[in-house]
2 protein chains.
Amino acid sequence: MTGRLRADARRNVEGIRRAALDVFRAGGLTTPLDEVARAAGVSKGTIYHRFGSRRGLIDAVVEELVLERIEGIITAVEALDDPLERFEEYLLRTWLLQFDEPAANDVLMRTLPESEPLTTLFDRSCGFGRQVLHDAQAAGAVRDDITPEDLAYLILERGVIARACDQQTRDDYRRRLDFVLRGLRTAR
Amino acid sequence: MTGRLRADARRNVEGIRRAALDVFRAGGLTTPLDEVARAAGVSKGTIYHRFGSRRGLIDAVVEELVLERIEGIITAVEALDDPLERFEEYLLRTWLLQFDEPAANDVLMRTLPESEPLTTLFDRSCGFGRQVLHDAQAAGAVRDDITPEDLAYLILERGVIARACDQQTRDDYRRRLDFVLRGLRTAR
DNA sequence: GTGCTACTTGACTGCATGGTCAAGAAAATA
DNA sequence: TATTTTCTTGACCATGCAGTCAAGTAGCAC
């Protein structure tokens with residue numbers, strides 16, 4: 001995209017990327033493009049010229065925006081041994097990420113199902129979650145009637161909540177996550 | 001409202017009420033008024049003339065739309081003896097109501113915080129819930145660290161989910177409610 | 001039936017969004 | 001510097017909603 005562009009165009013592509021990173025980081029991937037344009041100091045039309053569409057812009061920044069966060073969770077969880085701890089840590093960290101980073105939440109909620117970079121990121125997290133769930137169930141630590149789809153829903157649900165109930169404090173949000181985690185363990 | 005109105009106006013008020021009941025029942029209280037107007041066979045302007053505002057219309061129908069449902073839950077729960085059963089039945093029925101009736105969900109989510117009829121209905125359900133929670137905690141059946149605000153949130157959350165994740169089947173929605181309930185009981 | 005007045009209409013404003021394009025501006029080239 | 005090519009602009013279209021109002025319609029009293 002930055003191949004044989006005119007100087008001003010190259011400058012703009014970079015400026016728009018940077019602005020999109022800032023704006024999307026703060027407000028998620030559904031923020032109006034006018035805001036990105038304003039932040040970049042260009043007109044909306046330029047964004048469409050340089051990136052083709054809203055999706056094009058998102059595809060160009062989503063990895064830089066979210067990849068690290070998702071990999072960070074996987075790495076942190078892989079450092080743990082106990083299957084239950086792994087499962088709960090995966091969910092907890094994912095849920096907190098959804099609260100802290102609207103853009104990551106959009107990825108985990110599949111807000112833009114068309115985008116492949118986004119889908120790839122989603123699958124990365126989701127696939128790892130499946131495995132962690134499977135292991136915890138094999139160890140008898142987590143209810144057997146939870147399916148991988150249930151797990152995906154537990155994350156989707158939390159995303160919807162993080163997005164809609166944005167007046168709650170992080171501490172309250174965090175505290176309530178324990179109620180949910182508790183319900184997933186095997187009854188003893 | 002039906003005092004000294006001209007014949008056509010009286011007819012229209014009734015028609016609009018009936019249409020609003022149908023349309024709001026199906027789509028919740030945030031359905032565009034154009035749909036109500038179309039269903040009633042009048043123009044949007046007439047609704048505003050007869051009911052003053054969107055809120056006026058909602059105030060005029062919300063009780064008929066929701067009161068019975070909420071009272072039904074309270075009655076059903078009061079017929080039970082065991083505090084835990086009462087608590088779980090209250091939550092379960094409320095959550096299912098939120099899935100089945102978008103309008104009731106809007107009441108329980110306080111979608112229109114300005115409306116007093118709506119607030120009254122909300123308080124009815126919420127106050128009863130508090131009491132049921134308190135009894136269940138006094139009996140040692142439900143976690144002590146759950147506050148009345150947490151209870152309100154458990155319902156608000158479910159409302160957001162019912163509204164946003166409308167592609168899931170009722171059976172799946174129902175099944176997943178058990179996970180949440182399980183997490184609220186005291187660990188044993 | 002005639003005229004008064006209550007009532008209804010639908011086109012209008014206003015707002016927020018996504019997305020497009022002709023015309024003008026600026027960089028590159030000669 | 002003059003010409004060509006690329007790029008940017010912001011006004012514009014479309015959509016979907018809330019809410020308003022001048023002008024036309026229809027019920028009602030006499």
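To find a chain, count down the sequence lines: A is the first, B the second, and so on, and within it residues start at 1.
Under the ring-ring contact (aromatic ring centres under 6.0 Å, His included) criterion, the residue pairs touching residues 102-130 of chain B are Y90(B)-F128(B), with sequence neighbours excluded. Listed by first then second residue, pairs satisfying side chain to side chain donor-acceptor pair (under 3.5 Å) with a partner in residues 131-144 of chain A read R143(A)-D145(A), not counting sequence neighbours. Applying the side chain to side chain donor-acceptor pair (under 3.5 Å) rule to pairs touching residues 18-27 of chain B yields nothing, sequence neighbours excluded.
Residues D34(A) and G45(A) each lie close to DNA chain C; by heavy-atom proximity, the contact nearer the 5' end of the strand is made by D34(A). Both R54(B) and R11(B) lie near DNA chain D, and the one whose nearest nucleotide falls closer to the 5' end is R54(B). Summary of the strand contacts: P32(B) and A7(B) both lie near DNA chain D, and taking for each the nucleotide with the nearest heavy atom, the more 5' one is attributed to P32(B).
From the 5' end on, the contacts that DNA chain C makes with chain A at under 4.0 Å to a non-hydrogen atom open and close at dT17(C) to dA28(C).
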If you restrict it to nitrogen or oxygen atoms, what contacts under 3.5 Å exist between nucleotides 3-7 of chain D and the protein, and what is each distance?
residue: dT6(D); atom: O2; partner: R6(A); partner atom: NH1; Å: 2.1
residue: dC7(D); atom: OP1; partner: R6(A); partner atom: N; Å: 3.0
residue: dC7(D); atom: O5'; partner: R50(A); partner atom: NH2; Å: 3.4

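Between the CZ atom of R38(A) and the P atom of dT9(D) there is a distance of 15 Å, rounded to whole Å. With rounding to whole Å, L33(A) atom CG is found 16 Å from dT8(D) atom C1'. Between the CD atom of E35(B) and the C1' atom of dG16(D) there is a distance of 12 Å, rounded to whole Å. Following rounding to the nearest Å, Y48(B) (OH) and dT20(D) (P) show an atom-to-atom distance of 7 Å. Atom CD1 of I16(A) and atom C1' of dT9(D) are 13 Å apart (whole Å).
Of the N and O atoms on the side chains of T147(B) and D150(B), at least one donor lies less than 3.5 Å from an acceptor on the other residue. Residues T119(B) and R110(B) bring a donor and an acceptor atom of their side chains to less than 3.5 Å of each other.
In this structure, R55(B) places its CZ atom where more than 12 heavy-atom neighbours from other residues, nucleotides or ligands lie under 6.0 Å away. Under a cut-off of 6.0 angstrom, the local environment of CD in E68(B) is sparse, with at most 12 non-hydrogen atoms contributed by other residues, nucleotides or ligands.
Residues satisfying the side-chain contact (heavy atoms from CB on, under 4.5 Å) test with A162(A), not counting sequence neighbours, are N105(A), Y173(A).
For R54(A) (side chain) and T30(A) (main-chain N/O), a donor-acceptor pair under 3.5 Å exists by modelled atom type.
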